[in-house]
Amino acid sequence: MTQLSTQPYKGTRDFFPADMRFREAMFAVMHKTVQSYGFEQIDAPIIEPIDIYLAKTSEEIVSQQIYSFTDRGERKVAIRPEMTPTVARMVAARFQETPKPIRWYSIPNVWRYEQPGKGRLREHWQLNCDIFGAPSEKLADLELLNLAIDLMRGYGASESHFKLYLSHRGILNGVLGGELKLPQEKWPAVARIMDKRAKIKPEAYAAMLAAEGVGEDKRQELDLFLNEKLDYIKKKSHLEGASYILETMQSLEEIGLSAYVEYDPSVVRGFDYYTGLVFEVFDAHPDNRRSLFGGGRYNNLVGAFGKESTNAVGFGMGDVTLEDFLRTHKLLGDVPRKVDLYIALMSDDFAPHAMNLANTLRGRGLRVEVSLGATKLGKQFQEAEKKAIPRVLILGEDEVKSGVYSVKTLATGEQVKLKATEI
RNA sequence: GCGGUCGUAGCUCAGCUGGUAGAGCACAGGUUUGUGGCACCUGGUGUCGCGGGUUCAAUCCCCGUCGAUCGCCCCA
């Protein structure tokens, strides 16, 4: 039999204690921030019937990037590539009995079969925050944008670290379909080219557009749309979403968030189910201008589950890109172990006494590690040192008899005698 | 999916134009028996990613494959 590999499956990660501490520290900010807005946590199975992705997730994801199989009962199932359809399913299931608006979040692991690269793995964890059934869609959008920015601030990031770019699906659709009079089947290709505009040469840009039926005059209109940004939609107030963006930008300024936000006409996002607001948060670092996470409004998804239709808006924030961001900007580094006291044993015979003492201290909230073998004292000190445990209690004959313990603080070398209640 | 780079002890790597391998760190033990961080001593493993080929001989050359990484495509 050949040696089994210790490597995790391609594009996935093992989480050793140090990795786990980092991940939990990231998640802790998520839980804290999101709960401070009244969001409630949910979870769901990692496997879903594949149908729930067929209708609304993008064609690309379903046909090429989904892990799917047929189970023993001939059911076609998929490992979730994203959480949104699941959340929509759960909302639809309990819609009537749940007080509106619904604010739910989750931190699921999601899977995509794709080429692993920087910031992209096959399995990652993704904070999902969604609001359903708000009386005012605009207010729900505002709160979600506020939350997205607050999350970043929760990690200590400021406007110099990231920027949130927002747009509205209706504007792009209106420009492509109305102003440029392009047939709808050309929209995705043109949107892709727009996305590349900054990276490619102007001639190449023009040539690619021409290939999609966007000639000289139409290209100039498109450039106006992309370059003039807010001024453009001020002129074209008839476009769906134009006044929405202007008003939202105004509100964001009143909330004091305008430093973090910009209107960017080229924000599109890949999912087919978006119907209104779309946004993406980018790393502001010059050599790392990558999308960190994003979201948008998807009003038609819940209705696909047959119950009542409801408005919905949400975003997903992945742990891989977030970790890159936090480490690049040194906003969150390695997280130390958190044990308060190490009890060293002079003899294994004192172990019951040690465990008893440890239980008492744990009852007071201390984290205590008891030595699991009376090796040389020096060894036990080294163990505590390596595990970054700040204090060591020495348990020998004298201590057991007197109930007064020698406790040494490793950082200072200071050693004092304490009763159990004083530790 | 395409191209570049890489894959040697637990980790980071060295190995000069092919002659079956080393360093640092880490780890374990010790420098005599109730005290760590320093220093010194001692110790071990590597099918040199995997499979095949060329060669008297391959870690080093060739092909394939798996994985990592960077760029592109795609995507978010």
Side-chain angles (χ1 to χ4, degrees), chain A residues 1-14 16 18 57-66 81-84 110 112-122 124 126 128 165 188-189 191-193 195-196 199-200 204 208 266-274 278-283 287-296 315-322 324 342-347 350 371 374-401 405-417:
Chain A
M1 183 173 170
T2 52
Q3 183 78 45
L4 294 171
S5 172
T6 58
Q7 285 185 337
Y9 170 71
K10 177 172 180 163
T12 66
R13 296 159 291 168
D14 289 327
F16 290 96
T57 303
S58 79
E59 170 63 25
E60 160 84 14
I61 288 173
V62 172
S63 62
Q64 292 173 33
Q65 300 196 335
I66 212 165
E82 55 151 340
M83 192 63 171
T84 304
V110 296
R112 287 194 193 170
Y113 194 88
E114 62 182 340
Q115 192 60 243
K118 188 170 173 61
R120 330 183 44 171
L121 296 174
R122 289 185 170 182
H124 74 286
Q126 190 184 56
N128 278 255
Y165 297 96
R192 256 198 304 280
I193 298 166
D195 198 43
K196 289 200 181 98
K199 300 183 203 166
I200 59 181
M208 288 170 79
S266 63
V267 172
V268 182
R269 298 200 49 85
F271 294 124
D272 296 339
Y273 48 61
Y274 287 120
V278 285
F279 73 92
E280 276 186 71
V281 174
F282 275 78
D283 192 335
D287 6 298
N288 193 41
R289 266 197 97 264
R290 288 192 306 141
S291 175
L292 294 169
F293 68 99
F315 66 77
M317 179 190 218
D319 72 315
V320 180
T321 45
L322 178 62
D324 272 358
Y342 181 90
I343 298 183
L345 293 176
M346 293 310 303
S347 159
F350 304 142
S371 169
T375 53
K376 285 189 178 178
L377 246 200
K379 288 285 156 211
Q380 298 186 65
F381 268 89
Q382 282 176 6
E383 183 185 337
E385 179 80 22
K386 279 173 201 150
K387 291 182 168 179
I389 302 173
R391 294 196 300 164
V392 175
L393 181 149
I394 300 157
L395 193 63
E397 205 171 339
D398 300 345
E399 285 82 1
V400 171
K401 278 181 185 160
Y405 307 97
S406 301
V407 179
K408 184 168 186 174
T409 303
L410 293 182
T412 61
E414 181 190 9
Q415 185 163 319
V416 292
K417 298 219 176 232

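Bear in mind that the values here come from a model prediction, so they are computed numbers and not experimental data. Here is how names work: the chains are called A, B, and so on, in the same order as the sequence lines, proteins then strands, and each is numbered from 1.
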Rounded off to whole Å, could you give me the CZ-to-C1' distance for the A/R112 and B/rA76 pair? 7 Å

Contacts of A/E397 that satisfy side-chain hydrogen bond (donor to acceptor under 3.5 Å, both in side chains) - sequence neighbours left out: A/K401

Between atom NZ in A/K118 and atom C1' in B/rA76, what is the gap in whole Å? 16 Å

Go through it in stages, so that I can follow the logic: the residues are A/L410 and A/V392, the test is side chain to side chain contact (heavy atoms under 4.5 Å, CB included), and I'd like the CA-CA distance, side-chain angles, deciding distance and then a yes or no. CA-CA 7 Å; A/L410 293 182; A/V392 175; 4.0 Å; yes

Rounded interatomic separation in angstrom, taking CG from A/L345 and C1' from B/rU33: 17 Å

So A/E280, base contact, sugar-phosphate only, or nothing? Heavy-atom distance under 4.0 Å. base

Tell me, please, which residues at least two apart from A/Q415 pass side chain to side chain contact (heavy atoms under 4.5 Å, CB included). A/I394, A/S406, A/K408

Before accepting this row, confirm whether a basic side-chain N of the pair A/R13/A/D319 lies closer than 4.0 Å to the acidic partner's carboxylate O. yes

Rounded to whole angstrom units, what separation is found between the NZ atom of A/K386 and the P atom of B/rC25? 14 Å

A/R122 atom CZ is separated from B/rU69 atom C1', nearest whole Å, by 15 Å

In dot-bracket notation, what is the pairing pattern of RNA chain B, taking Watson-Crick (N1-N3 plus N6-O4 or O6-N4) and G-U wobble (N1-O2 and O6-N3) contacts under 3.5 Å, with [ ] crossing and | for other strands? (((((((..((((........)))).(((((.......))))).....(((((.......))))))))))))....

Taking atom C1' of B/rA26 as reference, at what distance in whole Å does atom NZ of A/K387 sit? 16 Å

Classify the nucleic acid contact of A/G296 as base, sugar-phosphate or nothing, counting any heavy atom under 4.0 Å across all strands shown. nothing

Determine the Euclidean distance between corresponding C1' atoms of B/rA23 and B/rU31; express it in Å to zero decimal places. 25 Å

Say you pick atom P in B/rU54 and the same atom in B/rU47; how far apart are they, in whole Å? 25 Å

Distance check needed: B/rA76 C1' versus A/D324 CG, whole Å only. 14 Å

Salt bridge (Lys or Arg N to Asp or Glu O under 4.0 Å) partners for A/E114, two or more places apart: A/R120

Start with the C-alpha distance between A/N128 and A/T84, add both sets of side-chain angles, then the distance that settles side chain to side chain contact (heavy atoms under 4.5 Å, CB included), and finish with yes or no. CA-CA 8 Å; A/N128 278 255; A/T84 304; 3.9 Å; yes

Taking atom C1' in both B/rG34 and B/rA21, compute the distance separating them and give it to the nearest angstrom. 45 Å

Could you go over nucleotides 35-40 of chain B and give all protein N or O partners under 3.5 Å, atom names and distances?
residue: B/rU35; atom: O2'; partner: A/K408; partner atom: NZ; Å: 3.4
residue: B/rU35; atom: O2; partner: A/K408; partner atom: NZ; Å: 3.2
residue: B/rU35; atom: O2; partner: A/Q415; partner atom: OE1; Å: 3.4
residue: B/rU35; atom: N3; partner: A/Q415; partner atom: OE1; Å: 2.7
residue: B/rU35; atom: N3; partner: A/Q415; partner atom: NE2; Å: 3.2
residue: B/rU35; atom: O4; partner: A/Q415; partner atom: NE2; Å: 2.5
residue: B/rG36; atom: N7; partner: A/K408; partner atom: NZ; Å: 3.1
residue: B/rG36; atom: O6; partner: A/L410; partner atom: O; Å: 3.4
residue: B/rG36; atom: N1; partner: A/L410; partner atom: O; Å: 2.3
residue: B/rG36; atom: N2; partner: A/E385; partner atom: OE1; Å: 2.5
residue: B/rG36; atom: N2; partner: A/L410; partner atom: O; Å: 2.9
residue: B/rG36; atom: N3; partner: A/E385; partner atom: OE1; Å: 2.9
residue: B/rG37; atom: N2; partner: A/L410; partner atom: O; Å: 3.4

Pick the P atom in B/rC48 and in B/rG43, then give their distance to the nearest Å. 24 Å

When the C1' atoms of B/rA9 and B/rG49 are considered, how many whole Å apart are they? 14 Å

Taking only residues two or more places apart in sequence, or in another chain, which ones meet A/Y9 in a side chain to side chain contact (heavy atoms under 4.5 Å, CB included)? A/T12, A/Y67, A/W111, A/Y113, A/R122

Are A/Y165 and A/F279 an aromatic pair by the rule of ring centers under 6.0 Å? no

Taking only residues two or more places apart in sequence, or in another chain, which ones meet A/K387 in a salt bridge (Lys or Arg N to Asp or Glu O under 4.0 Å)? A/E369, A/E383

Can you tell me how far C1' in B/rC27 sits from the matching atom in B/rG10, rounded to whole Å? 8 Å

On RNA chain B, does the nearest nucleotide to A/F293 precede the nearest nucleotide to A/K10 from the 5' side, or the other way round? Give the residue. A/K10

Using whole Å, what does the distance between atom P of nucleotide B/rC73 and atom CZ of A/R120 come to? 12 Å

Would you indicate which nucleotide in B/rA76, B/rC75, B/rC70 comes nearest to any side-chain atom of A/Q65? B/rC75

How far, in whole Å, is B/rG24 from B/rU8 if one measures between their C1' atoms? 15 Å

With A/T321 via side-chain hydrogen bond (donor to acceptor under 3.5 Å, both in side chains) - residues at least two apart: none

Report the residues that fulfil side chain to side chain contact (heavy atoms under 4.5 Å, CB included) with A/Q382, sequence neighbours left out, ordered by chain and then residue number. A/K379, A/K386

Quick one: side chain to side chain contact (heavy atoms under 4.5 Å, CB included) partners of A/T409, sequence neighbours excluded? A/R391, A/T412

Please name all residues satisfying ring pair (Phe, Tyr, Trp, His ring centres under 6.0 Å) with A/F293, sequence neighbours left out, ordered by chain then number. A/F315

Just the table, please: protein N/O against nucleotides 1-12 of chain B N/O, every pair under 3.5 Å.
none

Sticking with atom C1', work out how far B/rG19 lies from B/rG51, rounded to a whole angstrom. 24 Å

